[in-house]
2 protein chains.
Amino acid sequence: MQTFDTVEELHEFVELLLHRIDQRYTAGRRAVVELLASSERPLSISDIEARVPEIPRSSAYRHLSDLQRAGVVGRIAASDEFARFEMAEDFLHHHHHLLCSSCGQVIDVTPTRAFERTVARMVDELTAEQGFRATSHALDVIGHCTNCQH
Amino acid sequence: MQTFDTVEELHEFVELLLHRIDQRYTAGRRAVVELLASSERPLSISDIEARVPEIPRSSAYRHLSDLQRAGVVGRIAASDEFARFEMAEDFLHHHHHLLCSSCGQVIDVTPTRAFERTVARMVDELTAEQGFRATSHALDVIGHCTNCQH
DNA sequence: GGTTGTAATGAGACTCATTCTCATTCTATC
DNA sequence: GATAGAATGAGAATGAGTCTCATTACAACC
Ligand SMILES: [Mn+2]
Ligand SMILES: [Mn+2]
Ligand SMILES: [Zn+2]
Ligand SMILES: [Zn+2]
């Protein structure tokens with residue numbers, strides 16, 4: 001959580017986004033948001049279950065999907081079979097991912113402003129000639145994390 | 001298929017890579033390679049099944065995983081629930097992907113040399129300070145393909 | 001060109017992350 | 001504080017991907 005001064009401001013914005021799609025900001029959803037907003041890294045469902053065991057798996061999935069629909073949460077397909085979840089980019093500084101192809105861990109990294117300008121320009125070039133309408137981009141670095149070298 | 005003059009050269013290289021991991025280059029594997037090498041875009045399992053129905057699903061999965069282990073094929077996690085497969089980068093020019101978040105289609109795009117230099121430099125920066133050992137990168141543009149705009 | 005040991009294959013059972021169902025519990029509004 | 005609609009929880013269902021094991025192809029030898 002970086003772009004809000006207080007947790008209350010965060011919750012207010014989440015509530016706004018949920019209301020836009022006629023959804024309530026309930027206790028379960030609040031707990032998921034609080035967890036994701038305070039996490040250093042994207043979390044898998046079992047991460048979430050381990051940290052908030054009182055939320056049933058089926059509800060956690062539904063909360064995440066509702067929050068994603070509202071634009072509050074983003075889903076990442078990692079190199080293992082588990083999806084990972086984090087706050088959407090509106091809630092975080094724009095960043096990219098280091099994906100460990102051994103253990104599936106996802107590490108957040110922040111690019112420089114200059115680099116992002118270059119990426120944005122390039123993305124425009126690439127997509128224009130395809131008639132593709134870009135909404136976002138993802139730069140993932142694939143490799144091995146410190147724990148998984150040798 | 002771009003880096004080989006003839007299909008025979010392609011097959012020879014595939015055979016070499018398979019032999020390195022003590023695997024034979026059989027008819028089924030050859031059919032999968034021929035399909036992927038001639039495809040304009042990464043293919044899902046059902047794409048493969050549709051185009052080469054005589055290969056059973058379980059064999060197709062195994063072929064793809066063996067070919068991936070040999071470094072012949074790469075697996076892409078798209079934004080839908082289906083993995084997609086393409087020839088590994090040794091067999092193609094380095095390129096990136098446009099991912100349609102509506103239909104899951106994956107489009108290949110080739111970046112300029114200058115852009116790739118920038119990406120490589122940035123990747124080095126990002127990974128160095130994390131103790132992460134990069135093996136490759138993926139720049140995906142997320143958005144909507146021509147078919148999926150409105 | 002047969003024999004034999006080993007690798008590859010195919011059919012289908014199985015796994016397990018994710019989604020769906022539906023009975024129950026909240027919650028907003030009157 | 002009734003009522004209608006929304007959210008929730010428990011468990012069933014789904015389905016992409018993996019595994020098993022009986023059968024088939026192959027390579028290396030004779
Ligand atoms: Mn991230
Ligand atoms: Mn590609
Ligand atoms: Zn790792
Ligand atoms: Zn599309």
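Here is the naming used below: chain letters follow the sequence lines, and residue numbers restart at 1 for every chain. Please read all numbers here as calculations on a predicted model, not as lab measurements. Below, all heavy atoms of this structure are taken into account, side chains as well, without hydrogens, waters or symmetry copies.
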Qualifying ring-ring contact (aromatic ring centres under 6.0 Å, His included) pairs with a residue from residues 17-43 of chain A, counting only residues at least two apart or across chains: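 Sorted result for residues 17-43 of chain A: H11(A)-Y25(A).
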
Tell me, please, the opening and closing nucleotides of DNA chain C, 5' to 3', among those with an atom under 4.0 angstrom from a non-hydrogen atom of chain A.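 Counting from the 5' end, contacts occupy dA17(C) to dT27(C).
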
Partner residues of E9(B) under the side chain to side chain contact (heavy atoms under 4.5 Å, CB included) criterion, sequence neighbours left out: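 Side chain to side chain contact (heavy atoms under 4.5 Å, CB included) check on E9(B) returns F4(B), D5(B), T6(B).
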
Can you tell whether the side chains of D124(B) and R121(B) come within less than 4.0 Å, N to carboxylate O?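 A salt bridge is absent here (no side-chain N lies under 4.0 Å from a carboxylate O).
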
Between D108(A) and R41(A), does at least one N-O distance fall below 4.0 Å, as a salt bridge requires?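 A salt bridge is absent here (no side-chain N lies under 4.0 Å from a carboxylate O).
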
For the atom pair CD (Q130(B)) and SG (C100(A)), what is the distance rounded to the nearest 0.5 Å?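 Rounded to the nearest 0.5 Å, the CD-SG separation comes to 12.5 Å.
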
To the nearest 0.5 Å, what is the distance between CZ on F132(A) and CD1 on I142(B)?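 Result: 8.0 Å between the selected atoms.
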
Atom-to-atom span, [atom1] of [X] to [atom2] of [N] - whole angstrom:
{"X": "R57(A)", "N": "dT14(D)", "atom1": "CZ", "atom2": "C1'", "result": "16 Å"}
{"X": "Q23(A)", "N": "dG5(D)", "atom1": "CD", "atom2": "P", "result": "16 Å"}
{"X": "Y25(B)", "N": "dA27(D)", "atom1": "OH", "atom2": "P", "result": "14 Å"}
{"X": "D66(A)", "N": "dA6(D)", "atom1": "CG", "atom2": "C1'", "result": "11 Å"}
{"X": "R24(B)", "N": "dT24(D)", "atom1": "CZ", "atom2": "P", "result": "17 Å"}
{"X": "R62(A)", "N": "dG11(D)", "atom1": "CZ", "atom2": "P", "result": "15 Å"}
{"X": "Y61(B)", "N": "dT20(D)", "atom1": "OH", "atom2": "P", "result": "18 Å"}
{"X": "I55(B)", "N": "dG17(D)", "atom1": "CD1", "atom2": "P", "result": "16 Å"}

Using a cut-off of 4.0 Å on non-hydrogen atoms, how would the nucleic acid contact of T26(A) be classed: base, sugar-phosphate, or nothing?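 Answer is sugar-phosphate: T26(A) comes under 4.0 Å of backbone atoms only.
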
Report which part of the nucleic acid A27(B) touches: base, sugar-phosphate, or nothing (heavy-atom distance under 4.0 Å, all strands).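 A27(B): no heavy atom of the nucleic acid under 4.0 Å.
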
On DNA chain D, check which nucleotide each of S65(B) and D22(A) is closest to and give me the residue with the more 5' one.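 Between the two, 5'-proximity favours D22(A).
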
Listed partners of F82(A) passing ring pair (Phe, Tyr, Trp, His ring centres under 6.0 Å), at least two apart: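 Here no residue qualifies.
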
Could I get the full list of ring pair (Phe, Tyr, Trp, His ring centres under 6.0 Å) partners for H144(A), not counting sequence neighbours?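 Testing H144(A) for ring pair (Phe, Tyr, Trp, His ring centres under 6.0 Å), a comparison that skips the adjacent residues, returns none.
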
Say whether, by atom type as modelled, one donor and one acceptor occur between the side chain of S59(A) and the main chain of I55(A) under 3.5 angstrom.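 Not a single qualifying donor-acceptor pair exists.
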
Starting from the first five and the last five pairs of the helix from dG1(C)-dC30(D) to dC30(C)-dG1(D), work out the angle between the resulting helix axes, to 10 degrees.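 Answer rounded to 10°: the end axes differ by 30°.
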
